[in-house]
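The structure appears below as structure tokens.
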Amino acid sequence: MRLAPYLFAGPAVVLYVVFMLIPVLYAIWLSLRAYRLQAGGTFGRRVEVFVGLENYIGVLSDPELLASFGRLAIYGLIAVPLTLGLALLFALLLDVPAVRAKRFSRTAIFIPYAVPGVVAALMWGFMYLPSTSPFSYLTEQAGWGPIPFLTGSGLFGSLANIAIWGGVGFNMIIIYTSLRGIPDELYEAARLDGANELQIALRVKVPLVGPAILLTTVFALIGTLQLYGEPMTLKPMTNDISQTWAPLMTIYRDAFLTDNLPAAAASSTILALGTVALSLLILGIVNRKRFGARS
Amino acid sequence: MTATSVRVPLSAERRAAKPRAWGAILPTVILVIGAIYCLIPVIWVFIASTKSRGELFTTFSFAPGTGLFSNLADLFSYGGGQFGMWAANSVLYAGVGGVISTLVSAAAGYALAKFDFRGRDLIFYSILAGVLIPGITLAVPQYLLLSQFGLAGGPLSVLLPSIISPFGIYLSRVFAASAIPQEILEAGRIDGASEWRIFRLIVLPIMLPGMVTVFLLQFVGIWNNFLLPFVMLSNQGDYPLTVGLYTLLAKGSGAPALYSLAIIGAAVSIIPLICLVLFLQRFWRLDLISGGLKG
Amino acid sequence: MRSRLLATGATLVLIGAGLTACSSSSGSGSDGPVTLDFWGWGVGYEDVIKEWNDANPDIQVKHTDAGGGDESSAKLLTASRAGNAPDLALVEFTTLPAMIVADVPLDITDYVGDIEDAFTSGTWDQTRFDGAVYGIPQDVGPMALTYREDRLAELGIPVPTTWEEFGAAARAVKEKDPNSVLTSLPASELGFYAGVAAQAGSQWWSIEDGVWTVGIADEASLEVADFFEGLVRDGAISTEPLLTPEYNAKLNEGTMLSWPAGIWAGGVFYGVAPDTAGKWAMSPLPQWTPGDTKVAYQGGSGMIVTKGSEHPEEAAEFAKWFNASEQGNKLLLDSRQVYPASSVGQEMAAESEPPALMPQQTDFYQTAADISSETIPVTWGPNVNLAKSVFEDQLNKAIADGTPWRDAFAATQKAVVDDMKKSGYEVAND
């Protein structure tokens with residue numbers, strides 16, 4: 001009995017320590033180091049040396065990092081509410097008794113979750129670029145010219161669209177299944193009071209799926225801070241996405257293009273700490289509100 | 001195992017649909033529009049995969065081409081049938097990794113939910129914090145560490161790190177907490193059953209619907225993972241589909257990317273995932289995700 | 001349920017077995033056939049490997065496509081740091097210096113004495129630094145102009161031989177057919193801008209007595225910047241990204257009329273616009289001074305033997321056969337479909353059929369041989385990837401904001417110099 005929980009949790013803990021904790025600690029250690037030149041060979045050799053907090057100072061004093069968080073904020077303000085709003089809307093609609101083609105819609109909306117990034121990249125290039133886009137084709141036929149999917153502020157919408165497309169189904173299923181966990185009696189009571197379906201949806205259902213919405217919000221925020229796939233997808237097709245557009249793109253550049261793993265490790269540490277702070281902040285606000293409401 | 005199974009097919013309609021056509025049309029229309037929005041790019045991949053190289057950039061995006069069979073033949077004969085090998089590897093990594101990951105997560109989730117033991121919260125919150133670490137940061141440290149054990153380069157270097165899934169453990173804990181009544185466990189213990197026997201015969205069957213969800217999420221996650229296998233593997237025969245398709249598109253300066261091969265490869269590689277989603281969605285329970293926050 | 005758990009148990013046992021098996025299997029014995037791991041991107045390796053392996057039962061080569069371009073160099077660096085590097089790898093000339101300072105390639109000067117004449121001195125300079133040879137050149141991309149012969153003729157525009165004519169041609173295209181554009185030269189093409197700056201006499205990196213000089217913002221380069229800025233500002237050429245579906249559609253439509261790049265450009269175009277074959281031609285790259293003939297290389301790669309290799313001699317032997325022998329060069333041409341770096345390969349190419357995109361241009365390879373007989377030796381620095389990244393971001397910003405390109409070149413120069421100083425290089429620039 002006393003040993004049992006340790007045995008059950010054991011494999012997970014061992015794997016966690018070996019494949020996540022130690023690599024994370026290793027990354028933190030790396031973030032205190034740098035590759036520096038020493039004599040030898042034709043050009044000298046780069047060897048690892050200890051540099052203390054130099055990488056952190058470098059990362060934090062880089063104005064591009066602040067700018068990239070600004071871009072994330074704009075993107076997040078579009079993508080997060082729309083993803084969750086649409087997910088909630090679809091979930092509520094699926095829960096309307098008389099709606100047809102439910103299984104088709106539910107499956108279709110979920111499918112993008114299963115489409116790999118490599119494929120999504122190819123796909124959206126064709127959807128957005130003026131001469132291959134079927135949408136721009138329509139607007140051009142109508143005499144309005146192509147849609148500026150990939151330039152200026154249109155870019156934020158296009159990026160958010162990819163995220164919404166990929167994420168709305170997953171969030172919809174979370175909210176929908178939690179909707180189906182609500183006992184019918186609650187609706188009956190509301191109906192007896194003369195409420196219509198819309199009123200029931202807004203006044204009964206939405207408050208009851210609050211916890212599910214909170215959870216999806218936290219995950220959506222973490223996803224926003226770790227935004228990477230969508231801008232990387234569109235980068236080869238537009239000059240408006242720089243290599244440092246999002247914080248994770250900078251990390252990728254440092255780790256995989258310019259052979260500066262220590263800087264990537266330092267940025268990652270800062271990003272992870274920021275994410276923890278933001279998550280705690282949101283959960284704190286929500287808990288205080290709840291607590292306040294109860295007292 | 002069938003006796004205690006609590007499979008509740010999601011598709012089973014809870015309330016009888018009343019024939020109120022007018023109230024159902026608008027919601028149905030909105031849902032179908034959402035479904036089409038999600039399907040358009042997927043439909044495009046399948047249409048594009050029928051196009052020959054010349055047609056790909058010249059014909060209207062949604063006009064089918066004439067090259068389907070030659071594309072398929074090219075795909076399966078590329079590099080002496082490598083595509084089939086990549087597909088088999090993807091099935092192996094995602095299938096075996098998904099199953100082991102699900103079992104490890106279920107055992108850990110059960111221990112964390114149903115036992116009170118020293119270090120429980122520490123283990124749980126440490127593992128949960130793993131959600132905050134982007135894979136980009138982990139890949140290289142994981143590679144360097146696995147190299148120390150002589151494991152980097154082979155299939156195990158992809159399989160082992162894929163097993164640990166903070167999200168899967170979180171889901172399992174939530175599901176175990178809400179689905180397994182304490183009395184059943186107590187009854188089992190009074191009957192003198194060992195903890196292992198209780199887990200095997202009582203707990204696992206109850207957790208099966210939740211485990212299907214964890215399995216699906218892990219399967220899709222491993223199937224679509226690019227960076228880990230790209231960094232880890234050093235033998236083309238071990239590549240999964242994502243890395244294989246990448247090698248078709250990423251060439252050195254001056255070599256043409258094999259666009260049409262990559263597109264038909266992408267189309268073929270989504271099919272198993274769509275089938276899996278269609279098949280498993282009758283069994284899975286995503287409501288367990290939000291269940292934990294209801295308390 | 002029981003069977004599944006058993007299966008899991010069995011898997012875990014297998015994993016355990018795998019752990020021990022893996023740790024003991026590394027490093028093959030000294031006798032018996034040697035197996036060499038080789039990483040390289042592109043097509044056609046099956047034929048190459050088969051031919052070699054059939055003829056050399058004692059030295060078996062195993063090829064893996066580890067991805068091309070930028071990410072593969074990170075993979076090679078990481079594998080090398082962990083002691084898992086393959087015996088042989090294909091490396092782009094631009095990243096070779098970065099590999100050398102990270103201690104990846106072996107100095108193979110002693111192994112290649114017998115093939116010294118196989119390459120021109122300018123080609124050797126791509127892999128030879130301060131007298132030490134770190135790789136054997138495989139393919140080169142002497143710069144040329146690949147253009148739509150039919151469209152230029154239709155518009156009555158002569159093929160430009162100088163950059164001034166090129167500018168005039170670009171403006172003429174815009175004037176006569178506003179839907180078409182002569183070319184697109186986006187900020188991602190550091191290789192192009194470095195190449196034309198080299199034509200103008202600039203050296204973006206150079207090293208003498210251990211001291212580096214960075215010339216990205218020297219006077220010649222800044223004048224190059226001014227020239228192309230003028231063309232872009234007037235809308236005469238575009239800076240849209242290359243080889244996107246959009247760009248490919250324009251190639252197919254015949255509204256993207258040329259690409260000044262390595263002579264491999266035609267092969268790339270054939271991959272995305274096969275139906276336009278026969279409408280293209282290749283000519284020497286335009287010059288800054290009329291009558292000049294020298295061009296730089298854009299692209300190209302060489303094969304290195306890694307420091308970690310347990311069989312450097314055998315590895316070098318394969319690399320020599322592949323890149324310097326007649327048999328290997330035939331495979332480079334027919335199977336790998338690249339323009340060989342070696343003189344023997346280029347001679348063979350001169351006699352072969354023109355590339356599929358321009359079957360009518362029977363003197364294609366003769367022209368190519370003429371171009372590559374005189375090339376400007378270009379030294380790449382140890383942080384080309386950083387330069388690429390900064391250059392792309394800065395130049396794109398300048399194009400978007402309408403600020404001078406000179407500033408973008410200067411900002412790149414500063415970032416490159418700062419990075420090199422921080423890493424500990426001696427740099428002559430301020």
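None of these values were measured; they are calculated from a predicted model. In what follows, chains carry the letters A, B, and so on, assigned in the order in which the sequence lines appear, proteins first and then strands, with residues in each chain numbered from 1.
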Can you tell which part of [X] gets under 4.5 Å to a heavy atom of chain B, answering side chain, backbone, both or neither?
{"X": "A/Tyr137", "value": "side chain"}
{"X": "A/Pro112", "value": "side chain"}
{"X": "A/Leu248", "value": "both"}
{"X": "A/Leu7", "value": "neither"}

Select one option (side chain, backbone, both, neither) describing which atoms of [X] are under 4.5 Å from chain A's heavy atoms.
{"X": "B/Ile30", "answer": "both"}
{"X": "B/Leu241", "answer": "neither"}
{"X": "B/Val220", "answer": "side chain"}
{"X": "B/Ile136", "answer": "both"}
{"X": "B/Ser126", "answer": "both"}
{"X": "B/Val32", "answer": "both"}
{"X": "B/Phe117", "answer": "both"}
{"X": "B/Phe62", "answer": "side chain"}
{"X": "B/Arg120", "answer": "neither"}
{"X": "B/Ile169", "answer": "side chain"}

Practice task
Indicate the ring-plane relationship of A/Phe8 and B/Phe115, choosing parallel, tilted or perpendicular according to the 30° and 60° boundaries.
Solution key: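 The rings of A/Phe8 and B/Phe115 sit tilted, inter-plane angle from 30° to 60°.
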
